[in-house]
Enquirer: 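Below are the structure tokens for one structure; questions will follow.
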Amino acid sequence: MFDLMLRNARTIDGESIDLACKDGRIAARADRIEGAAANEIDAAGNIVTPPFLDSHFHMDATLSFGQPRVNQSGTLLEGISLWGELKPTLTVDAIKERALELCRWSIARGTLAIRSHVDICDPGLLAVDALLEVREEMKAYIDLQLVAFPQDGYLRDQNAAEQLTRALDKGLDVVGGIPHFERTMADGGESVRALMEIAADRGLLVDMHCDETDDPMSRHIETLSAETNRLGLGGRVAGSHLTSMHSMDNYYVSKLIPLMAESGVAAIANPLINITIQGRHDTYPKRRGLTRIKELLVAGVPVALGHDCVMDPWYSLGSHDMLEVAHMAVHAAQMTGMAEIRAMFDAVTIDGAKIQCLDGYGLEVGCNADFVVLQAGSVFDAVRLSPARLFVVRRGQVIATSSPVTSELNLDGKTSQVDFTLPNTSAFASIR
Ligand SMILES: [Zn+2]
């Protein structure tokens, strides 16, 4: 007797499957599984995917929109100073309350793993304490990976080094950084080297805010890649944002991307935020500011996507829907080919899981029984429509449901239904 049976589903590769869950894991996967389960759900031919992942987020700031005021210029720097105004008024309870609400939004959207950066520059480490509690309280539903992030600069803020040590001792999972915010290029490089050594000593993953600027000379990703090589940390290090790569000299990039590929550094782009925050000093033409996702993928550099912000000092919009993020990446990076749309879907699912080094992720027998049934017949429609998450399953339990979305028309006295799929989109059922 299984705990849960999913019937009549289709994988993102177009294969028809049933999935049987037992003791929190996928116990069987086949075209048709014989046997009963305590609970059975019918996918009705829709696709099932492993859960969505957000590979770059700020849970300490989320849902604080308008506190104490709104970012008028929309720039990164006004966002950082606004966050500085908000910080002295924060309490553990207020941070927790907002973060827990965000977790509820995420679950409803089928996002069951989040890597969140946590500002460690507040001497009280309130956000660290709050998010460690959230990680523990929500662990049955969401994998929360916490990055020790020196928002005010590891060297620029004279207390950051000690604060970072305290935060890691409390149990944060990943070493962060922000080299482009240090006072000089040399300080930026020094901060990368120091933080990489801390990660190597402690056996931790690394994810730095790296070159989040339109300055083509911001080249800390080169140092991050070289340090990854030197310390043998390939597969455990990510550079987030990398927006300066958008503006870099092409000859320099022809040397940089192979170095990144060789070192095993991953790239995490945040298309919603990058497209709105970068290029703000430009008149026209205005740069998009997104990193070179297409070229990185061709070179074999793993790429994941993050939402980065939802209703905070940097970004007022969003509902933590990772399909919205993939949709923006398809547009802003001009990745409209079928294989490219699939790559952006993978960047919010399986490729994010590899970069976050998550165990038990996937739909194979033995994996965690975590999956999402979408109101869509293909990856193409999933990215095009950002459809309802009909069932969200965690460890074999249904933890969220949404009703299918349809609209009813009344034209010339006749009623008909519109669901925004076309009969001929079966051609896109399988995008590999
Ligand atoms: Zn960020």
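Note that these values count all heavy atoms, side chains included, but never hydrogens, waters or copies made by symmetry. In listed order, ligands and their atoms are each counted from 1.
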Enquirer: Restricting to N, O or S atoms, which atom of H209 is closest to the Zn ion (ligand 1)?
Expert: NE2

Enquirer: Considering residues at least two apart in sequence or located in another chain, which fulfil the salt bridge (charged side-chain N to carboxylate O under 4.0 Å, His left out) criterion with E162?
Expert: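 Listed in chain order: nothing, the list is empty.
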
Enquirer: Please list all pairs meeting ring pair (Phe, Tyr, Trp, His ring centres under 6.0 Å) that have one or both residues in residues 93-124, counting only residues at least two apart or in different chains.
Expert: H56-H117, H58-H117, H117-F149, H117-H209

Enquirer: Evaluate the ring planes of F57 and H320, with Trp represented by its six-membered ring, and classify them as parallel (under 30°), tilted (30 to 60°) or perpendicular (over 60°).
Expert: tilted

Enquirer: What N/O/S atom of D308 gets nearest to the Zn ion (ligand 1)?
Expert: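 Atom name returned: OD1.
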
Enquirer: Confirm or rule out an N/O/S atom of H117, from backbone or side chain, lying less than 2.8 Å from the Zn ion (ligand 1).
Expert: no

Enquirer: Rounded at 0.5 Å granularity, tell me how far CG in L290 sits from CD in Q334.
Expert: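 Rounded to the nearest 0.5 Å, the CG-CD separation comes out at 10.5 Å.
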
